[in-house]
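These notes concern the structure reproduced below.
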Amino acid sequence: MPLAKLLERWSDDLARRSSLELQDARLAHYAGVDREKNRRRLLAWLERASRSLEAGRADLVVEHARRIAVERFEAGYELAEVQTSINIVEETLNKRILGAMRPEDATRALCMANALFSIVKDILAQTYVSLAIQQR
């Protein structure tokens, strides 16, 4: 089954597990957000990731990452907090891929997921730096 379909199938569980991990990470700004709101945010991200993978294009997650970067920057979140939240989702997905797929299928799925998450983290960083420069 393609990763996009698996991600769609797994998204509720991934969002729930990631929100628990995010809470355990004790990041200043995320700690002040209730777990259900974090879960919904993560679910929205996973939905876009799934659609991007299905379409074979990153524009959906790029647009979302830019919007999230602006929102979080304006709310005073540190870039490291936002990057950590993305890392948590990525690690949760990687564990699921490794636990659910044959090694030959997992390799391709991990590469695709890694590429998508790398793009998102890069866009977040670029947007944060751009906003910080503008703010000076």
Heavy-atom pair with the smallest gap, counting every atom of [X] and [Y]:
| X | Y | result |
| --- | --- | --- |
| Leu124 | Ala65 | CD2-O, 3.4 Å |
| Leu79 | Ala125 | CD2-CA, 3.9 Å |
| Ser11 | Leu46 | O-CD1, 3.6 Å |
| Leu116 | Ala58 | CD1-CB, 4.4 Å |
| Tyr30 | Glu81 | CE1-O, 3.5 Å |

With rounding to the nearest 0.5 Å, note down the distance linking [atom1] in [X] to [atom2] in [Y].
| X | Y | atom1 | atom2 | answer |
| --- | --- | --- | --- | --- |
| Leu43 | Arg48 | CG | CZ | 10.0 Å |
| Asn38 | Leu20 | CG | CG | 10.0 Å |
| Arg66 | Thr127 | CZ | OG1 | 6.0 Å |
| Glu21 | Leu42 | CD | CG | 11.5 Å |
| Arg35 | Arg16 | CZ | CZ | 9.5 Å |
| Arg41 | Glu71 | CZ | CD | 8.0 Å |

For Glu90 and Asn94, what are the C-alpha separation, side-chain angles and deciding distance, and is it a side-chain contact (heavy atoms from CB on, under 4.5 Å)? CA-CA 6 Å; Glu90 183 178 21; Asn94 287 347; 3.9 Å; yes
Give a yes or no answer on whether the side chain of Gln83 reaches the backbone of Lys121 with a donor-acceptor pair at less than 3.5 Å.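 Answer holds: yes.
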So, the side chain of Ser50 versus the backbone of Glu47: is there a donor-acceptor pair under 3.5 Å, distance only?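 Between the backbone of Glu47 and the side chain of Ser50 there is no qualifying donor-acceptor contact (under 3.5 Å).
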Single-linkage hydrophobic cluster, 4.5 Å side-chain cutoff, [X] and [Y] together:
| X | Y | result |
| --- | --- | --- |
| Val89 | Trp10 | yes |
| Leu110 | Leu93 | yes |
| Val70 | Leu60 | no |
| Ile88 | Ile86 | yes |

Applying side-chain contact (heavy atoms from CB on, under 4.5 Å) to Leu14 and Arg17, what does each step give before you reach the verdict? CA-CA 5 Å; Leu14 292 171; Arg17 289 176 189 268; 5.6 Å; no
Return all side-chain donor-acceptor pairs below 3.5 angstrom for residues 129-136, not counting sequence neighbours, or 'none' if the list is empty.
| unit_1 | atom_1 | unit_2 | atom_2 | d |
| --- | --- | --- | --- | --- |
| Ser130 | OG | Gln134 | NE2 | 3.3 |

Going by an N to O cut-off under 4.0 Å, is there a salt bridge joining [X] and [Y]?
| X | Y | result |
| --- | --- | --- |
| Glu36 | Arg39 | yes |
| Glu54 | Lys5 | yes |
| Glu63 | Arg67 | no |

Does anything in residues 100-115 pair up under salt bridge (Lys or Arg N to Asp or Glu O under 4.0 Å), and if so which pairs, sequence neighbours excluded?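 Applying salt bridge (Lys or Arg N to Asp or Glu O under 4.0 Å) to every pair that reaches into residues 100-115, excluding sequence neighbours, yields Arg102-Glu104, Arg102-Asp105.
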Here's a test for you: under side-chain contact (heavy atoms from CB on, under 4.5 Å), which of Leu7, Leu3, Leu6 qualifies with Ile97?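 Among Leu7, Leu3, Leu6, the one meeting side-chain contact (heavy atoms from CB on, under 4.5 Å) with Ile97 is Leu3.
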Does anything in residues 116-136 form a ring pair (Phe, Tyr, Trp, His ring centres under 6.0 Å)? List the pairs, not counting sequence neighbours.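 Only Trp45-Phe117, Phe73-Tyr128 qualify under ring pair (Phe, Tyr, Trp, His ring centres under 6.0 Å).
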Could you label the plane-to-plane angle of the Tyr77 and His29 rings as parallel, tilted or perpendicular, counting under 30° as parallel and over 60° as perpendicular?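 Ring orientation of Tyr77 relative to His29: parallel.
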If we ignore angles and hydrogens, is there a donor and acceptor under 3.5 Å between the side chains of Asp122 and Gln126?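 On atom types as modelled, these side chains qualify, holding a pair under 3.5 Å.
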